[in-house]
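To start, the structure under review is shown below, and the notes come after it.
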Amino acid sequence: MQTPIADFLEKYEDSGIIRFHMPGHKGKADPYDITEVKGADSLYEADGIIRESEENAAALFGSKRTLYSAEGSSLSIRAMLFLALKNGKGRKIIAGRNAHKAFLYAAALLDLDVCWLMPKESNSLLSCHIEAAELDELLAKEKPIAVYLTSPDYLGGMADIKSLAAVCHKHGVPLLVDNAHGAYLRFLESDLHPLSLGADMCCDSAHKTLPVLTGGAYLHIGKDAPDFFAENAKQAMALFGSTSPSYLILRSLDLANKVLAEEYAFPAMAKTVAEIKNKLKANGWHIMESEPLKITVKAPKDLTGFALAENLRKNGIECEYADADFLVLMPSPMNTKKELEKLISALGKNALPEAIVQTAFMPLPKTAMSIREAIFAPHIRIKTEEALGKICAAPTVSCPPAIPIAVSGEVIDENIMALFRRYGIGEVEVLR
């Protein structure tokens, strides 16, 4: 597969041209860091090398159209929601409660009315398992502009996208998927990518699982999605994106096409990770069911995920995420056999019984105002113990995992206070 962006940048560097254009380092910091010079194309009006590269990516992912983002999945999420809003009627969207805070910020910008899908039970704030029958029942009553789901979630849980997409399409509603953690799912022996399972639009954070620089992401439009989405996707990305996208990131997305076209080692790595999970289970660890390239260790009784993460650090290993209940690891084909063996050795053996994890989700709290009204209203940061009865302003949560406990506009009740304590949230933003 051709790599038009990378090829152009190499030729430009080799030409020895004197750079009287941006950026100010004139190629000295990195020769491939350029601006939209002649021949380099322009991301949001792409008709040259960027368009060719995006078409290569679309062919690899089997999409109607694939667009690059140099600003992560956050940009793609904003564009997805804008397209759904412009194509639909009204402002209501149905969303799984474990949505990333980027979704909330987009909902505020677009003044969306969010109807939350809540799981019947969950052992983590990060997971939100929804049954197709539940969604079917809800869509029989509501007519939203779209349904929005997060799959895989931060613990590696995967929604039944095929069944949920069928329900959405039965009711004439597009399905949008935050697939930030699952770009690689297309390239397994069995294709598990949301687009292939019926999603109309999805975002992939390429940098999370592919050999791409941080910030590299995709917006994919499904082949059976309304033509409106594909025809207006560039406009939607331009509406929210920087006019100075990084060519270093675009180059890495371009080069990834060639790697993926040459059958990158995801199937083999998935088998290796499955073997690692089995070895960890044999060593007494409680391993959660998860997506193929994620290892989620449930902390045993009398230990926490924080403690497990700290132990790994002492052995020169940094995890992806840890909280009181879980430790999350994200291997890729770039990890060596020696590194994987060191991980098993560093965790060692566990003789402690499995911990009982309390249900993390709670009844929906009272809503005092819209997400948009709350985020744009004057607010202050206070200690969590003072927040009971206050109205949540901007979600106060780090990334990872960036899953809000209280949503902007909701009244902070006892259930939310309990989750603040459980997840170690010391301060919150509330309305004045």
Side-chain angles (χ1 to χ4, degrees), residues 60-61 73 123-124 126-127 129 150-161 177-197 202 204-212 214 216 256 259-260 262-300 303 305 308-309 311-313 315-323 325-350 354 400-401:
L60 286 166
F61 283 92
S73 281
N123 57 13
S124 172
L126 311 183
S127 298
H129 179 73
T150 302
S151 179
D153 61 40
Y154 223 103
L155 297 182
M158 296 181 69
D160 183 358
I161 296 297
V177 179
D178 175 353
N179 183 53
H181 285 243
Y184 76 95
L185 294 172
R186 167 73 173 173
F187 307 99
L188 299 171
E189 286 185 358
S190 178
D191 184 355
L192 299 176
H193 197 277
L195 271 196
S196 306
L197 298 177
C202 76
D204 294 354
S205 286
H207 67 89
K208 285 183 169 65
T209 57
L210 306 184
V212 171
T214 297
V259 174
L260 296 173
E262 294 173 352
E263 299 185 6
Y264 194 41
F266 282 121
M269 190 63 190
K271 292 178 182 178
T272 298
V273 172
E275 292 170 1
I276 292 170
K277 291 179 181 180
N278 287 333
K279 288 179 180 178
L280 292 174
K281 288 177 183 177
N283 284 343
W285 295 103
H286 311 292
I287 306 300
M288 303 289 290
E289 289 296 321
S290 67
E291 54 169 294
L293 292 193
K294 194 165 277 173
I295 302 171
T296 303
V297 182
K298 186 177 179 183
L303 269 182
L308 296 178
N311 178 60
L312 288 181
R313 289 186 189 103
N315 285 273
I317 297 172
E318 184 64 35
C319 69
E320 166 61 25
Y321 171 76
D323 61 22
D325 304 310
F326 299 100
L327 172 77
V328 178
L329 304 146
M330 289 179 64
S332 89
M334 301 302 289
N335 286 113
T336 65
K337 182 179 180 181
K338 183 177 180 180
E339 290 172 339
L340 297 170
E341 289 173 349
K342 185 173 181 180
L343 170 63
I344 296 171
S345 174
L347 278 172
K349 293 184 181 293
N350 169 56
E354 187 172 359

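What you see below is based on every heavy atom in this structure, not just the backbone, and it leaves out hydrogens, waters and symmetry mates.
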**Asked** Passes side-chain contact (heavy atoms from CB on, under 4.5 Å), Glu320 versus Leu329? Steps please.
**Response** CA-CA 5 Å; Glu320 166 61 25; Leu329 304 146; 5.9 Å; no
**Request:** Quick one: do Leu195 and Leu197 satisfy side-chain contact (heavy atoms from CB on, under 4.5 Å)? Show the steps, please.
**Result:** CA-CA 5 Å; Leu195 271 196; Leu197 298 177; over 6 Å; no
**Asked** Hey, mind stepping through Tyr264 and Phe187 against ring pair (Phe, Tyr, Trp, His ring centres under 6.0 Å) and telling me if it holds?
**Response** CA-CA 8 Å; Tyr264 194 41; Phe187 307 99; 8.8 Å; no
**Message:** Could you go through Ile344 and Ile276, starting from their C-alpha distance and side-chain angles, then the distance that decides it, and tell me whether this counts as side-chain contact (heavy atoms from CB on, under 4.5 Å)?
**Reply:** CA-CA 8 Å; Ile344 296 171; Ile276 292 170; 4.2 Å; yes
**Request:** Please report the C-alpha distance between Ser151 and Asn179 in whole Å, then the side-chain angles of each, then the deciding distance to 0.1 Å, and finally whether the side-chain contact (heavy atoms from CB on, under 4.5 Å) criterion is met.
**Result:** CA-CA 5 Å; Ser151 179; Asn179 183 53; 5.9 Å; no
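One distance of note links CE of Met288 with CD1 of Ile295; it measures 14.0 Å at 0.5 Å rounding. With rounding to the nearest 0.5 angstrom, the CD1 atom of Ile287 is 4.5 Å from the CG atom of Leu280. In this structure, the separation between OG1 on Thr336 and NZ on Lys342 is 10.0 Å, given to the nearest 0.5 Å. To the nearest 0.5 angstrom, Cys319 atom SG is 14.0 Å from Phe326 atom CZ.
Qualifying salt bridge (Lys or Arg N to Asp or Glu O under 4.0 Å) partners for Glu341, counting only residues two or more places apart in sequence or in other chains: none. For Glu189, the salt bridge (Lys or Arg N to Asp or Glu O under 4.0 Å) partners at least two apart in sequence or on another chain are Lys271. Every residue meeting the side-chain contact (heavy atoms from CB on, under 4.5 Å) condition with Asp191, not counting sequence neighbours, appears here in chain and number order: Arg186, His193, Ser196. With sequence neighbours excluded, the residues satisfying side-chain contact (heavy atoms from CB on, under 4.5 Å) with Ala183 are Asp204, Thr209, Leu210. Applying the side-chain contact (heavy atoms from CB on, under 4.5 Å) criterion to His286, with sequence neighbours excluded, gives Lys298, Pro300, Asn350, Glu354. For Ala346, the side-chain contact (heavy atoms from CB on, under 4.5 Å) criterion is met by Leu312, Asn315, Ile317, not counting sequence neighbours.
In this structure, Trp285 contributes its side chain and Gly348 its backbone to a donor-acceptor pair below 3.5 Å.
Between Leu340 and Thr272, the closest side-chain pair of non-hydrogen atoms falls below 4.5 Å. Annotation: side chain of Val328 is in contact with side chain of Leu155 (closest heavy-atom distance under 4.5 Å). Met269 has its side chain out of reach of Ser332: every pair of non-hydrogen atoms, C-beta onward, lies at least 4.5 Å apart.
Across all non-hydrogen atoms, the minimal contact from Pro194 to Ile161 is O-CG2, 4.0 Å. Shown here for Ala180 and Asp178, the closest heavy-atom pair between the two residues is N-OD1, 3.0 Å. Nearest approach of Tyr184 to Leu293, heavy atoms of both residues: OH-N, 3.0 Å. Pro333 approaches Ala265 most closely through the heavy-atom pair CG-O, 3.9 Å. Here the closest non-hydrogen pair linking Asn335 and Met330 is OD1-O, 4.3 Å. For Met158 against Pro292, the heavy-atom pair with the smallest separation is SD-CD, 4.3 Å.
The aromatic rings of Tyr154 and His181 sit perpendicular to each other, their planes meeting at more than 60°, with 30° as the lower class boundary.
In the model, Ser290 has a side-chain atom that pairs as donor or acceptor with a side-chain atom of Lys277 under 3.5 Å.
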